[in-house]
Amino acid sequence: MSVYDVFRERGFIEQVTDEPQIRELLEQKSVTCYIGFDPTAASLHIGSLVPIMSLAHLQRHGHRPIALVGGGTGLIGDPSGKTEMRQILTRDQIDHNAECLKKQLSRYIDFREGGAVLLNNADWLTQLNYIEFLRDIGRHFSVNRMLAAESYRVRLEKGLNFIEFNYMLLQAYDFLHLFRHYNCLMQMGGNDQWGNMVAGIDLIRRMEEKTTYSLTFPLITTSQGNKMGKTEKGTIWLDAELTSPYEYYQYWINTEDGDVARFLALFTFLPMEEIVAVKALSDARLNMAKAVLAFEATKITHGAEAALGAFEKTAQLFGCRSVETGLFPSSTIPRPDVTGEAHIVLPSLSLSASGTSSLPIERRRLDEGIPAFELFHETNLCASRGEARRLITQGGGYVNDRQFAAFDERIGLRDVDERGEIRLRKGKKRYVILSVR
RNA sequence: GGAGGGGUUCCCGAGCGGUCAAAGGGAGCAGACUGUAAAUCUGCCGGCGAAGCCUACGGAGGUUCGAACCCUCCCCCCUCCA
């Protein structure tokens, strides 16, 4: 089975330039393909996971992926898919971000000798000479046709800056450069990149008289129509410092019912035969599928140990529901023991020890007791005391799973559990753990 | 450069001298129902322990007992013309 079939089957493909030829191409032993990543931030987020996974699949099938960090194009700003001009970052910021992305990408793809290649287009773009570039490259572009491109047409209504208008040329030039120096035959990317990718293909045809290809990924949205990885609380980053493995795990476990199978296909490596079975699941067993999704996705991004930590913390906070042995046999998520009845035996480790944030609190403050709403504010569970008061009055505040009777009820020593911790909870999902010292 | 139209709380968007912490919608938060899902219903949704006070309607001044609303200057955005 070729990667192309894998892409098809798992939902990675939105558009391709030439299906039969690309299929044939990818059946060969080692093809070089590239994807660009914008260094607009110091970390990638879930939105970049589809491209990342595609590179990983390519590599698993013996091809050579090139991850191109847009250190040079980042200085310009891609207008595609954006309604407003992007904030222009400084050279230093871009360089810093590009470095960070390199590190991050190497968690998914093997860049060691002979493996994938990691490049930064700043290396060649910043060397360009304006006049030469116009004469050699610019002359191959028709402004009329560029204006017809979807990405520019949208922006024409809002205002398109000249600097951004050049983005397409630079990206096309990247492809040309990679074709010449790395024999890169295909570019992949989000569907909003289609125009830029095709521009590269045209440029290569004109200058080198060779045919190259491109493949775009669908823009992944949830069945609610929301962009992946953006929650109201902010972006879900791939960097453990910015989004903890636990939060990452939680993001996935909160996947909507209708998205579970699709996401398992895109964001895990579990075999499709197992994923297809999700259709038959409902209720509790569908939630098991979500746990598997969360576990596998977390494992890919943060490693097995972190995934296990997130799994355990989740089990402790939300109660342990183990995944049946028969479901997703390929997943390494912890299972009930052989009898199939008992719950997973979890080490009763302190929650704060399971790699999650906990806040210290001094014992003597608990002697007198602290009014609940004050503590909720202090721990950032609520943005203001007023909000905390309202929350608790309405029944949304809990200590150790006990709902407060009054907003100014005092939290004191009697609320400390045997592990020396106090668990504050807001609603169903937000926890803060206080460890007494 | 000229002419016109705008900038209101997280977003959209009403308000055009007191009754405005500012309609309505969206988002968000919580409760109920559930499955840490969705949908639905209910409540909340600037800050301060309450009556009250403070901070807010692009910025700075001014008129007025009183200004988001009127006047002046400035800044920013959009449309048309050049």
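Within every chain, numbering begins at 1; the chains are lettered A, B, ... in the order of the sequence lines, protein sequences first and strands thereafter. The figures that follow rest on heavy atoms only: side chains count, while hydrogens, waters and symmetry mates do not.
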Using a 4.0 Å heavy-atom cut-off, does [X] contact any base of the nucleic acid, only the sugar-phosphate backbone, or nothing at all?
X: Lys426(A); answer: sugar-phosphate
X: Tyr249(A); answer: nothing
X: Leu391(A); answer: sugar-phosphate
X: Gln394(A); answer: base

Look through every strand shown and name the nucleotide pairing with [N] as Watson-Crick or G-U wobble, where both distances are under 3.5 Å.
N: C65(B); answer: G18(B)
N: G24(B); answer: C12(B)
N: A39(B); answer: none
N: U79(B); answer: A3(B)

For atom [atom1], what is the distance between [N] and [M], given to the nearest Å?
N: G24(B); M: G43(B); atom1: P; answer: 13 Å
N: A68(B); M: G46(B); atom1: C1'; answer: 16 Å
N: A60(B); M: A67(B); atom1: P; answer: 15 Å
N: C69(B); M: G17(B); atom1: P; answer: 11 Å
N: C74(B); M: U79(B); atom1: C1'; answer: 22 Å
N: A22(B); M: A51(B); atom1: P; answer: 13 Å

Modelled atom types, side-chain donor and acceptor of [X] and [Y], under 3.5 Å:
X: Tyr246(A); Y: Thr298(A); value: no
X: Glu14(A); Y: Thr216(A); value: no
X: Gln171(A); Y: Gln187(A); value: yes

task = Classify the ring geometry between Phe295(A) and Phe311(A) as parallel (under 30°), tilted (30 to 60°) or perpendicular (over 60°).
result = perpendicular

key: Earlier contact from the 5' end, RNA chain B, for Gly395(A) and Ser282(A)   = Gly395(A)

task = Find which nucleotide of RNA chain B each of Asn254(A) and Gly397(A) is nearest to by heavy atoms, and output the residue with the more 5' nucleotide.
result = Gly397(A)

query = Reckon Arg389(A) has a side-chain N or O less than 4.0 Å from the OP1 or OP2 of A50(B)?
reply = yes

inquiry  = Is Tyr251(A) close enough to A37(B) that one of its side-chain N or O atoms is under 4.0 Å from OP1 or OP2 there?
reply    = no

Donor-acceptor contacts under 3.5 Å from residues 391-398 of chain A side chains, at least two apart:
unit_1	atom_1	unit_2	atom_2	d
Thr393(A)	OG1	Arg389(A)	O	2.6
Gln394(A)	NE2	Arg390(A)	O	3.3

key: Atom pair distance, as rounded to whole Å: CZ in Arg390(A) and P in G31(B)   = 15 Å

